[in-house]
Amino acid sequence: MVVKLNGSVTKFRAICGIDDEVNQNGDVAWRVTLLGEGGSSEVVAEGNALRTDDEATELDIDLAGWKFLVLDVDKNGVDSYDHFDWANAYFEYVEQNSTPPVTVPISTIDAGLDCATLYFAQPGVKMMQFIRPTGDGSTVTVEGLPEGLTFDTRRSAVTGIVENEGEYTYKVTVENAAGHSTVTDVKIVVSSNLQMPTPMMGWLSWNVVEGNISQKVVEQVADAMVSTGLADAGYNNLIIDDLWHADSRDSAGNPVEDKTKFPKGMKAAADYTHSKGLRFGIYSDGGSKTCAGRFGSFGYETEDANQYAKWDVDVLKYDYCNAPADQATCIERYKAISDALKASGRDITLYVCEWGVREPWKWGAEIGAPTWRCTYDTRDCWEGKSGGIGILQSIAGMKDLWPYSGPNRFNDADMMCVGINGTGKSSSALCVKVGMTKEEYRTQMSLWCMWASPLTLSFDLTKPITDVDMEIMSNPELIAINQDRMGLQAKYLGEKNGCALFAKDLENGDVAVAVVNLNNRSTDYTIDFSDIDALEPGRKYHFRDCWAAEDLGVKENSFTVNIPVHATKVYRLTDAGVTGISPINVNESEMTVTTSGNQVTVNVSNSDNAMKRVIVSDMVGRVLAVGSTRNDSITLGVNAQEGTILMVNTVCNGRAMTAKTELN
Ligand code: GLA
């Protein structure tokens, strides 16, 4: 318990000791600590309380000049019988002109970090790393940043561009409200060879296929991923889940596939997948058995990794059923498979699946994995029951993990259920109501994209896809937000009016904003710019509605929208200048864009020599060219292939104009 003393408190008096109810079995360590200016502290009383007949201790503690009183009770080993009392406790303070002492959250005197301490970036690509201290009201300072990076105090983020590859370490000092500070070393690895620079996209067999996985299913799904256009949209990993296994390993301990399901052998499944330009993934488990009861990899990490390498596997989803519950053993087991994969000679991505129970966002990157599941299995519903994970439970599990996301370290919200429409197997269990509405599936896609979660589909790709489903999962503007190269998970900014607000910084300086209507009715929601720290105070923003693919013009201070039941609005905001300056009237029709070879020419007529900022990007948001001019037109060279679809964004006098064109 932490008590803030507020200046005029002079004394704390109490008697303390083990409670009579514990009889002879108590085993408690207790301590009274005072915290003062500049981080000073003093333990003024402490002891071990064991038995009922131990004498109570009388406390008479002088508090003048101290800022916090901390009463600590720790169990000394034995879990139960730790009932300790602070009896007859009271403070003496001068009532007149003073504030009484108050208890404050323990986090007030914390000075740790609740964010990634191993981060990744690509050379020449803008990065942003949020530094979230554990303590409320703490101050953060950063020293020793590599060239190109600065610490943005307002955002509490390290940001900028590092040009050169390498590993850099810098120091973060967190000072809490009591003046205590801790220093943490944070490492950034800058490499053009990251395993997962942007979130993985693909298809996983579990939700609809389960035990029916086979060479035939792999072939049908691989064909469909290409013919439907999903592969072109970015879904390029085909991962088979549990139940591909034979009954047992071979006599040498190597894993064996079920020959009735994979008559040509697992390598043939991988080969077929590769022949379609896709990557191939497989599944195992760090326990004695997989979740569905087949042989697990524990003790066979080397055999398994080597066999997967021989089969030309690219991704390994590694589950954690039938394994010890504690975090230390779990980390050891994931490290063992990670090391074995590295030693196999093939670049195989490790996809951690321990369901977020042991906080893999705190150690996944450290053991060499670029993504980890953060929740139990997602279910095909808005609301799960009895531990089931519907959309509401995904939000609860994911919303506060944003300081742990970045390139090559993604928080995975599990398979999306878009397209399943209630036809799944275990995905239909533990639901209040099986299946979702179009708006609810859109909400799932919106959230997964905002969160930079891997986008893994899991519906039946052996059957035709409806246009509605295809439109949801292949929305290029949403996918561009998911695949943004800064790799940030949208920050959760709280709930208002029953709607949840999220905002995500994007590489080109835009900000993606999503509002989820959690109410069972349509709701009016006002997006207040001042609620979103990613927006610069005092500036206006151009709004693009990413689901409607519609430009809504420039907004100042706030924007009110009606959101249907369980729907999500996703906007891409582009800086449109300082508030209070009235724009010169530039019509969108006055921007023309022409291309020739790899040159893009943007012309804005009647702009009265006003400054124009032009950003040319591709459909996944990669910035290809940036320029500015006061002339009517500007020509920019773009390094992209013929046929690339280009988005041209021009901001001029507070007006944002967007055009889509193709490089010819
Ligand atoms: C666990 C995982 C699922 C799936 C099954 C397979 O439940 O969380 O994603 O892999 O096991 O048995």
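Index from 1, following the sequence. Numbering of ligands and ligand atoms starts at 1, following listing order. These numbers were taken from a predicted model, which means no experiment stands behind them.
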Salt bridge (Lys or Arg N to Asp or Glu O under 4.0 Å) pairs touching residues 474-484, sequence neighbours excluded, are Glu477-Arg544
Take atom OH in Tyr300; do more than 12 heavy atoms of anything else shown fall under 6.0 Å from it? no
Check ion pair Glu257-Lys259 (N to O, under 4.0 angstrom): yes
Test ring pair (Phe, Tyr, Trp, His ring centres under 6.0 Å) on Phe280 and Trp311 and set out the steps. CA-CA 10 Å; Phe280 181 73; Trp311 284 339; 8.7 Å; no
Does Tyr376 reach the side chain of Gln393, with side-chain heavy atoms less than 4.5 Å apart? no
Basic-acidic side-chain contact under 4.0 Å: Arg346, Asp314: yes
Mind jotting down which protein residues get a heavy-atom contact under 4.0 Å with ligand 1? Chain and number order, please. Trp206, Asp241, Asp242, Tyr283, Cys291, Ala292, Lys317, Asp319, Cys353, Trp355, Arg373, Asp377, Met415
